[in-house]
Structure formats: C-alpha cells, structure tokens
Amino acid sequence: MMSIDRGSFVGTNCKLRFNYIFNYVIQKFWYTLNMNFQESVPLAPLTTFKIGGPAKYFCKVKDQFDALEAFEFAKARNLPIFILGGGSNLLVSDKGFNGLVIKVVNKGIEVIKESNTEVLLKAASGENWDELVKFCAGNGWWGIENLSHIPGSTGAVAVQNVGAYGQEAGNVIESVAVFDRQTGQILTLNNSDCGFAYRKSIFNGEKKGQYIIFYIYFRLSKTPKPVLSYRDMATRFSGQQPSLIEIRQAIIEIRNKKYPFPVEAKNGNAGSFFKNIVLDEAASKTLLGKVENRFGLEAKDALQKKLFVSNNGVVKVPTAALMELLGLKNLSIGGAKIKPSQPLVIINETGSATASDVLDLAKKVIGSIEKSFELRVEIEPNLLGF
Ligand SMILES: Cc1cc2nc3c(=O)[nH]c(=O)nc-3n(C[C@H](O)[C@H](O)[C@H](O)COP(=O)(O)OP(=O)(O)OC[C@H]3O[C@@H](n4cnc5c(N)ncnc54)[C@H](O)[C@@H]3O)c2cc1C
C-alpha cells in the first residue's frame with residue numbers, strides 16, 4: 001500500500017516520477033476496492049483510559065482518497081463521524097459510538113527547508129508524537145523538547161494546541177494540511193488561521209469535526225532556546241545551560257513520576273481531565289478575596305504564589321490548587337479516582353471503571369468548584385458517544 005513517505009517526491013527523473021504515479025494509481029485503486037470497514041470494534045483498547053463500548057464502524061485512512069471514501073460510506077448510512085488519533089485525550093461512553101470512527105494512520109517525516117538557523121519539517125498525523133520529539137531532539141532542533149513524553153499522534157497536537165512545561169505546539173506550527181469534509185479538498189491553514197490559545201484551536205472549537213489533519217509543518221530552531229520557566233525545570237537546571245537532550249531527559253523523568261507512560265489499563269487515564277481556569281486580573285482578585293474569606297490569609301497567599309500571570313494580563317489559576325482547598329483530592333466513584341498526587345488527573349484505578357464513574361466524579365469536582373467560587377472548570381478530554 002502506498003503512503004506519502006519520507007522523500008517520496010524527491011527526484012526529478014521523469015521515468016521515476018511516471019513509475020511513482022502509475023504505481024500510486026494502481027495501488028490506490030486496489031486499496032480502494034479493499035478499504036476495510038470493520039463492524040462493532042471495541043474502542044476501549046484504542047484509548048489510554050481503556051474505557052468505553054464499541055464503534056458501530058471503524059476504518060483507517062492514509063490520504064485524501066481514503067477520506068473521501070470513508071465520508072461517502074458514512075453519508076450513505078447517515079452515520080456521524082469521529083476522527084481518532086492515539087485515543088489519549090478521549091473518554092468513550094459505556095454504550096460506545098453509533099457511527100464511523102476514522103483512525104488516521106499516514107506516516108512520514110520530511111525536511112522541507114533548512115538554513116543555518118532553522119528547519120521547516122513536515123510530519124504526518126499518524127506519526128507517534130513522542131517519536132517525533134525524540135527525532136527532533138536528536139537532530140538538535142529546538143521548539144518541542146518540553147513536549148516530550150506526551151502520548152498520542154502528531155496530528156492531534158494541533159487540535160488542543162498541546163502544551164507542557166512552558167511550550168505549546170502552536171508556537172512552532174507553521175501550517176497545517178487538512179482534508180476539508182465540506183469540499184473534499186486538501187487545504188493548507190496557516191498558523192494564524194488555526195486560532196491557537198490555551199488548549200484551544202479551531203479544530204476543537206468552531207471548526208470541530210470539519211477537518212482531518214493530515215500533515216503539520218513545524219518551524220524549529222537550530223539555535224539553543226531552553227524554556228526553563230517551570231519550577232521543576234528551573235530548580236533542576238539552576239545556573240546551567242542544558243543541552244536539548246538533557247532537557248528531554250529531565251522532562252521524561254519528571255513526567256514519569258506524574259504520568260506513567262505508556263499508560264496501562266490499571267490506572268488508565270487521559271492526562272489532565274480538568275483544564276486550568278483562565279481569568280482576567282480583576283476576576284483573579286475576586287477569587288483571591290473569596291479564598292481569603294473562606295480559608296484565611298495564608299491560603300490566599302499560597303494560592304497567589306501558584307497563579308501564572310502572563311504579559312497580556314491573563315491569569316492561569318491551577319484547578320488542582322482549588323481542588324486541594326476544597327478537599328477533593330481523594331475522591332473516588334466506582335473504579336474512577338482522582339490521582340491524589342496529580343489531582344487534575346482522573347484514573348481508571350481498577351482497570352474496570354466505567355465512563356459513568358469518570359463523568360460522575362468529574363461532575364462532583366466541577367459542581368463543588370462552581371458552588372464555592374462561581375467558576376466553571378472545563379474538562380479537557382473529548383467525549384464520544386454520550
Ligand atoms: C499520560 C498522559 C499525559 C498527557 N499529558 C499532556 C500534556 O502534558 N499536555 C497536553 O496538552 N496534553 C496531554 N495529554 C493529552 C493527550 O496526550 C494530547 O491531547 C494528545 O495530543 C492527544 O493525541 P491523540 O492522538 O491521542 O488524540 P485523540 O485522543 O485520539 O484525539 C483527541 C482529539 O483530536 C482529534 N483528532 C485526533 N487526530 C486528528 C486528526 N488527524 N485530524 C483531526 N482531528 C484529530 C480527535 O477527533 C479528538 O477530538 C496527556 C495524556 C495522557 C494520557
């Protein structure tokens with residue numbers, strides 16, 4: 001089967017090009033005849049939560065032609081569609097999904113342009129994200145090293161603008177090549193079209209469900225640009241200029257203590273279940289006032305130290321700190337439990353938690369915070385089939 005692989009388009013020899021196109025058309029035709037739509041496919045094993053029922057139909061796509069066929073298949077049966085990567089930001093309902101799940105499996109990493117200072121890299125959505133980070137760190141390309149050891153596929157990093165330890169994917173994404181289900185065409189969206197913000201983009205916002213992301217173009221730097229703003233990293237490398245590999249190693253060590261990876265069925269999870277709360281300065285002062293009134297000056301000072309204030313006046317309030325104040329760190333319902341050392345994470349502690357256990361637990365946390373502070377906590381994973 002043909003995929004758009006590393007260097008496939010390289011070479012100017014006409015005969016080679018003709019052979020390539022000829023083989024591609026023949027293999028595409030063959031593959032189309034054989035495109036496999038499986039029925040009643042269990043989704044739990046395809047997610048890191050290891051929870052949820054089956055998909056009515058399931059298929060894999062590698063390119064625009066597969067995508068067209070998958071959408072035709074769904075249209076003919078009037079089925080909703082869900083695009084799946086590595087299933088690490090997903091909670092599937094216990095009854096499953098009465099539609100077509102499309103898993104994106106294209107491969108390839110290609111250097112498009114390179115100068116003394118920068119590299120423009122094209123990476124296929126189906127590439128494993130952490131393998132890509134490792135590849136870039138090994139080549140001395142800066143910009144995504146703090147995003148080491150995050151599970152999932154490369155395509156999905158644009159969806160929620162994946163972020164960790166002071167870096168966000170949106171800061172280095174030059175553009176995104178997508179299949180537009182409305183027109184059946186491939187479009188290139190520039191960074192500014194993608195609407196990147198904290199855990200947000202058009203792909204999980206106003207254009208949710210419209211595009212399949214097939215390739216992401218990353219602009220990475222060859223000049224050292226260590227981001228050590230987070231406390232864990234600042235303490236570890238105080239007064240040093242760590243190398244790219246040292247930073248990646250440190251992130252892996254720190255994260256391994258917080259989020260074991262790969263994720264096993266027992267203690268399965270989707271990373272942070274709750275988003276941090278984003279406020280403006282005035283709202284953050286109101287919150288601090290409420291904390292002081294209810295928990296005293298010491299609690300208010302402690303929370304104030306944990307606020308992350310950015311240059312544009314936006315204040316990120318750690319939801320975990322509010323959960324701690326309200327004594328929500330040790331809650332559990334059925335097989336689902338808040339991870340006490342990492343309260344943003346809900347774990348499938350027993351390996352047999354249900355999606356209802358997880359959601360009931362989440363509702364309890366969200367309800368308590370809303371009642372106490374009049375703040376709405378959003379959940380981070382995507383919900384499917386609810
Ligand atoms: C242990 C652990 C730690 C984590 N740490 C972090 C962290 O530090 N920071 C962070 O931001 N996230 C973190 N996550 C969440 C998750 O890993 C990321 O959001 C990741 O990018 C999801 O990738 P995925 O391929 O698994 O996406 P999936 O879970 O399969 O899908 C997520 C969403 O993206 C959509 N999607 C996926 N692929 C495509 C595509 N090709 N085209 C269009 N839409 C697509 C899906 O429809 C869905 O809406 C963590 C998760 C776990 C389990």
Side-chain angles (χ1 to χ4, degrees), residues 43 46-52 60-63 66-67 70 80-92 97 99-106 123-133 144 146-170 176-181 186 189 194 196-205 207-216 230 251-252 254-264 267-276 339 342 344-348 379-384:
L43 290 175
L46 302 180
T47 72
T48 53
F49 243 135
K50 312 293 180 200
I51 289 176
K60 294 179 181 174
V61 303
K62 290 216 292 304
D63 56 29
D66 293 351
I81 283 183
F82 181 78
I83 312 299
L84 179 68
S88 63
N89 206 18
L90 182 61
L91 179 65
V92 179
F97 177 57
L100 171 66
V101 169
I102 299 177
K103 184 164 167 80
V104 183
V105 294
N106 63 333
S125 289
E127 291 285 348
N128 175 281
W129 171 250
D130 193 49
E131 285 298 320
L132 179 69
V133 178
I144 52 175
N146 290 23
L147 307 179
S148 289
H149 226 40
I150 296 179
S153 62
T154 294
V157 302
V159 176
Q160 74 154 358
N161 182 21
V162 158
Y165 296 93
Q167 279 182 342
E168 281 185 346
V176 180
V178 298
F179 171 86
D180 181 353
R181 67 184 288 183
I186 296 285
L189 304 174
C194 296
F196 292 126
Y198 169 65
R199 298 295 188 271
K200 278 201 182 104
S201 73
I202 57 164
F203 308 112
N204 67 1
K207 299 285 182 188
K208 189 172 177 165
Q210 187 174 330
Y211 301 128
I212 298 182
I213 298 168
F214 271 119
Y215 291 94
I216 302 189
Y230 270 52
I251 296 276
I252 291 173
I254 293 167
R255 291 187 69 98
N256 260 336
K257 287 185 198 142
K258 294 183 176 174
Y259 306 98
F261 174 52
V263 186
E264 307 292 341
N267 295 330
N269 65 83
S272 298
F273 201 89
F274 304 104
K275 290 187 189 180
N276 289 318
K339 191 173 180 192
Q342 202 64 22
L344 292 187
V345 179
I346 294 183
I347 54 172
N348 174 2
I379 65 169
E380 197 175 301
N382 297 272
L383 301 180
L384 180 63

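First listed ligand is number 1; within each ligand, the first listed atom is number 1.
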Practice problem: Ignoring angles and geometry beyond distance, decide whether G152 reaches within less than 3.5 Å of ligand 1 through its nitrogen or oxygen atoms. | Solution: no
Quiz item: Judged by atom type as modelled, is there a donor-acceptor pair below 3.5 Å linking the side chain of K339 to the main-chain atoms of N267?
Solution: no
Quiz item: Is a side-chain N or O of N382 found less than 3.5 angstrom from the main chain of N204, in a donor-acceptor match?
Solution: no
Exercise. May I ask you to check whether N269 has an N/O atom sitting below 3.5 Å from an N/O atom of ligand 1?
Key: no
Quiz item: Any N/O of N382 closer than 3.5 Å to an N/O of ligand 1?
Solution: yes
Quiz prompt | Within 6.0 Å of NZ in K200, more than 12 heavy atoms from elsewhere | solution = no
Self-check item: Heavy-atom proximity to atom 25 (O) of ligand 1, best of G126, S153, S201
Solution: S153
Quiz item: Any N or O on G155 sitting closer than 3.5 Å to an N or O of ligand 1?
Solution: no
Quiz item: Is the shortest N/O to N/O distance between G86 and ligand 1 below 3.5 Å?
Solution: yes
Exercise. Pick whichever of L90, V104, V159 has a heavy atom sitting closest to atom 45 (C) of ligand 1.
Key: V159
Self-check item: Nitrogen or oxygen atoms of G271 and ligand 1 under 3.5 Å apart
Solution: no
Quiz item: Quick one: does G85 get an N or O within less than 3.5 Å of an N or O on ligand 1?
Solution: yes
Practice problem: Please lay out, stage by stage, how E168 and N161 fare under the test side-chain hydrogen bond (donor to acceptor under 3.5 Å, both in side chains). | Solution: CA-CA 6 Å; E168 281 185 346; N161 182 21; 3.1 Å; yes
Quiz item: Do any nitrogen or oxygen atoms of I213 lie less than 3.5 angstrom from nitrogen or oxygen atoms of ligand 1?
Solution: yes
Exercise. To the nearest 0.5 Å, tell me how far Y198 OH sits from Q160 CD.
Key: 8.5 Å
Quiz item: Do ligand 1 and G163 have nitrogen or oxygen atoms that lie under 3.5 Å from each other?
Solution: yes
Quiz item: Would you say Y211 and ligand 1 have an N/O pair spaced under 3.5 Å apart?
Solution: no
Exercise. Keeping the roles fixed (side chain from K103, backbone from G85), state whether a donor-acceptor pair exists under 3.5 Å.
Key: yes
Quiz item: Out of K103, R255, K258, whose heavy atom sits nearest atom 8 (O) of ligand 1?
Solution: R255
Quiz item: Counting only N and O atoms by type, is there a donor-acceptor contact under 3.5 Å from the side chain of W129 to the main-chain atoms of L147?
Solution: yes
Quiz item: Just by distance, do the side chain of N269 and the backbone of S272 share a donor-acceptor pair under 3.5 Å?
Solution: no
